[in-house]
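Lettering of chains follows the sequences in order, A, B, ..., and the numbering in each one begins at 1. In this text the structure is predicted, and so the values were computed from the model without any measurement. FYI, side chains are in, hydrogens and waters are out, and symmetry mates aren't considered; it's all heavy atoms of this structure.
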2 protein chains.
Amino acid sequence: MARTAGSHSDITGPRVRDAALRLFARGGYAAVSMRAIAAEVGVQAGALYNYTPDKQTLLFDLMEGHMTELLAAARDDPALDARERLHRFVAFHIRFHHARPDAVFIAYMELRNLTPENFARIEALRGAYEDGLEQILRDGVAAEAFRVEDTKIATLAIIAMLTGVNTWFRTGGRLSLEEVTAQYWEMVRRAVM
Amino acid sequence: MARTAGSHSDITGPRVRDAALRLFARGGYAAVSMRAIAAEVGVQAGALYNYTPDKQTLLFDLMEGHMTELLAAARDDPALDARERLHRFVAFHIRFHHARPDAVFIAYMELRNLTPENFARIEALRGAYEDGLEQILRDGVAAEAFRVEDTKIATLAIIAMLTGVNTWFRTGGRLSLEEVTAQYWEMVRRAVM
DNA sequence: GTCTATATAGTGATAGAC
DNA sequence: GTCTATCACTATATAGAC
């Protein structure tokens, strides 16, 4: 397949996003230059502006894409009993976050580098995700399956605990992700039941 | 007290650190210029270099100061029973971190902006703090007061959960810090007992 | 679509006057 | 100890050639 020199936009766009994701996660949004992203992709800095209007939008698109994907993947089935729904949430959260450490890192660390408008949009998505877990806890309390004094606090505590796995877990370590998940589930289960 | 114009080093040093702490927490190390710090203090940029050899050292000193203070304040009494030691740890961690949100934020967010040598020193301090909690859990397991499958995992889970309070708690909200602490203690207690 | 070149502004750090 | 002035770079973003 001959390719016109200087023309391969169909793949450059995703490569820009991939490079930005990796570099932002490693060095931080403010410390990573557009030139560095361009060098990672293998183009000159000016070429990036065919794919994003500016650096801020590039960051926002990465974060919004991650949060949207998270919300779409977090399927809950209210027909199941609350314990099973919570169990699935715990396993899903750990697995999903472990699979995309760079995006998770950026979604938590770069919030302050968003414009106020962009920040509000990301926070709304995060709030919607938290609402999903809180609904499980509320239903469990209503069914007298859980004992939780304040479902909002329990929601935030559980999510913080689970997301923390990403900061230390490495494949090939002492425990598998499945073993880690089982232990977190046991702690969560005891904390609310 | 007359003061020689252009000479008040006894207070400028702490003010440089305070300004850097506040600005780094708000905007991020990479995004905050030495000129911005100087403006906050009320001096010119060049004057900052009377108090720090460079920007990196300024960041490191803030983080090391915070971690050293944390370790010094986290007093444990092995003579007490494990449940009481854990209760005190939970209350201490939440209270200490709530009192210095900027330093806590920097200590978690700016690790990647440290040189490798400085990073290692901060991580060693963090590890020492975690060891304190893990020792409580181990002693509790040995005394059959706690049921914990893996004390290292439980340590990381508990610290992540407790530190998360800083991301959402605001004085004057629906609950007081004491009420929040009581609820977190209840969740931690159930998770390990 | 990508290049080179550039406009405009900001960066960390230093030198020397006072 | 702080100031002004400056060095040597780097930044984001754009213009116009190809």
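Atom CD1 in B:Ile37 sits roughly 17 Å away from atom P in C:dG10 (whole-Å rounding). Rounded to whole angstrom, the span from the CD1 atom of A:Ile11 across to the P atom of C:dG1 amounts to 13 Å.
Residue A:Gln44 has its side chain nearest to C:dC3 when only D:dC3, C:dG1, C:dC3 are considered.
Annotation: ring pair (Phe, Tyr, Trp, His ring centres under 6.0 Å) contacts of A:Tyr129 (sequence neighbours excluded): A:Phe89, A:His93. Partners of A:Asn118 by side-chain contact (heavy atoms from CB on, under 4.5 Å), not counting sequence neighbours, listed by chain and number: A:Gln56, A:Phe60, A:Leu114, A:Thr115, A:Arg121. Scored by the salt bridge (Lys or Arg N to Asp or Glu O under 4.0 Å) test, B:Asp139 finds B:Arg85 as partners (sequence neighbours excluded). With sequence neighbours excluded, the residues forming a side-chain contact (heavy atoms from CB on, under 4.5 Å) with B:Ala38 are B:Val43, B:Ala45, B:Leu48, listed by chain and number.
Within the 4.0 Å cut-off from OP1 or OP2 of D:dG1, not a single side-chain nitrogen or oxygen of B:Thr12 is found.
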Contact state string [nucleotides 11-18 of chain C, B base, S sugar-phosphate only, - no protein heavy atom under 4.0 Å]: BBBB----

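By the 30° and 60° cut-offs, the orientation of the rings of B:Phe96 relative to B:His66 is tilted.
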Residues 16-25 of chain A side chain polar contacts: donor-acceptor under 3.5 Å, at least two apart:
unit_1	atom_1	unit_2	atom_2	d
A:Arg22	NE	A:Glu40	OE2	3.0
A:Arg22	NH2	A:Glu40	OE2	3.1

